[in-house]
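Here is the structure we will look at.
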2 protein chains.
Amino acid sequence: MLSDDCNIGDDLRRRLYRAFLDIFLLRLIDEEPLWGYRLMEILRDRYGLRVGPPVLYPLLSSLERRGMVEGLDVHVGGRRRKVYQLTNRGRAYVRRFEEVVREALGL
Amino acid sequence: MLSDDCNIGDDLRRRLYRAFLDIFLLRLIDEEPLWGYRLMEILRDRYGLRVGPPVLYPLLSSLERRGMVEGLDVHVGGRRRKVYQLTNRGRAYVRRFEEVVREALGL
DNA sequence: TACATTATATCGCTTCTCCGATATATTCAA
DNA sequence: TTGAATATATCGGAGAAGCGATATAATGTA
């Protein structure tokens, strides 16, 4: 039953992350500026969530287009890298989300 | 900007309800036993969320099959009605969800 | 040198979700 | 009497989301 509880919790957690991947990406980027590949690593290693390039990159592009992050082209040891920083708009969006959740669940 | 904020909040709220409609149904049923048509009314009037029969009824059936609610056939003034009650399993599921959200968002 | 890692990005197919339309039945109200 | 409201339920098509496969490029390692 305990392992069943864990499975349910895992499942719910996965659902939550999937449904609001954009928000959770923004929250990670709020901690520190990050790039696509690193974000995929963190999601996989910290949350056990496998998000591949076809999902992640269009989503990052969308977030940039909506002004929630700013993408900076950087060169690291000869490799290109696009590092994303959170904008105020992105930060406000996350705060709004937390508010909505708190309200909706009475937390 | 204020109305923009409201729109963002509304949008996020809608996303939340959509993504976790099963949970929010369970929470409504936790308040009191309810039936399909009434649930649709509440979602529409209280949350501005339009959920039609094709979404709601299969979802209620699924919740029943998973043992989270129990459906009781009732006759009300000559009409059939299927009233759903929350089971302990359903209640536990909701609690687990709240826990997961709290954890994930540090609320 | 060949393969793995780091890194960005897209395409097309499959699966899932949502929605319009619909069916049926009983009661209520104009 | 007719149409609306209350109530349950499903089907099939459209759109959205997810995933496998892929491409490209530079660096690192065995």
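Numbered from 1 within each chain, the chains take letters A, B, ... in sequence-line order.
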Proximity to the side chain of A/R79 - top-ranked nucleotide from C/dC18, D/dT8, D/dA26: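 Side chain of A/R79 sits closest to D/dA26.
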
Does B/R14 place a side-chain N or O at less than 4.0 Å from the phosphate oxygens OP1/OP2 of C/dC18?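 B/R14 to C/dC18 OP1/OP2: no side-chain N or O under 4.0 Å.
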
Quickly work out the [X] [atom1] to [N] [atom2] distance and round it to whole Å.
| X | N | atom1 | atom2 | result |
| --- | --- | --- | --- | --- |
| A/L21 | D/dG18 | CG | P | 8 Å |
| B/Y37 | C/dT26 | OH | P | 17 Å |
| B/R38 | D/dT6 | CZ | P | 10 Å |
| A/W35 | C/dA9 | CH2 | C1' | 18 Å |
| B/R15 | C/dC18 | CZ | C1' | 16 Å |
| B/L72 | D/dT8 | CG | P | 12 Å |
| A/K82 | D/dT24 | NZ | C1' | 16 Å |
| B/R80 | D/dT8 | CZ | C1' | 4 Å |

Taking C-beta and beyond as the side chain, do B/L12 and A/I23 meet within less than 4.5 Å on heavy atoms?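 Result yes, sub-4.5 Å side-chain heavy-atom pair found.
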
For DNA chain D, determine which residues of residues 39-66 of chain B have any heavy atom closer than 4.0 angstrom to one of its atoms, and list them numerically.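 Residues of residues 39-66 of chain B under 4.0 Å from DNA chain D: B/P53, B/P54, B/Y57.
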
For the residue pair B/L16 and A/A104, what are the closest heavy atoms and their distance?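 Distance-wise, the nearest heavy atoms are CD2-CB, 3.8 Å.
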
Which atoms form the tightest heavy-atom contact between B/M68 and B/L86, and what is the distance?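 Nearest pair, atom of B/M68 first, then B/L86: O-CD1, 3.5 Å.
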
Rounded to the nearest 0.5 Å, what's the gap from CG on A/L34 to CD on A/Q85? Could you check?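 Between atom CG of A/L34 and atom CD of A/Q85 there are 10.5 Å.
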
Of all residues at least two apart in sequence or in a different chain, which pass the side-chain hydrogen bond (donor to acceptor under 3.5 Å, both in side chains) check with A/E103?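 Applying side-chain hydrogen bond (donor to acceptor under 3.5 Å, both in side chains) to A/E103 gives none.
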
Reckon B/R18 touches a base, only the sugar-phosphate, or nothing at all at heavy-atom distances under 4.0 Å?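 If one applies the 4.0 Å heavy-atom cut-off, B/R18 turns out to touch the sugar-phosphate alone, with no base involved.
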
Can you pull the salt bridge (charged side-chain N to carboxylate O under 4.0 Å, His left out) pairs that have at least one residue in residues 24-37 of chain B, sequence neighbours excluded?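 Every pair satisfying salt bridge (charged side-chain N to carboxylate O under 4.0 Å, His left out) with a residue in residues 24-37 of chain B: B/R27-B/E98, B/D30-B/R91, B/D30-B/R95, B/E31-B/R46.
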
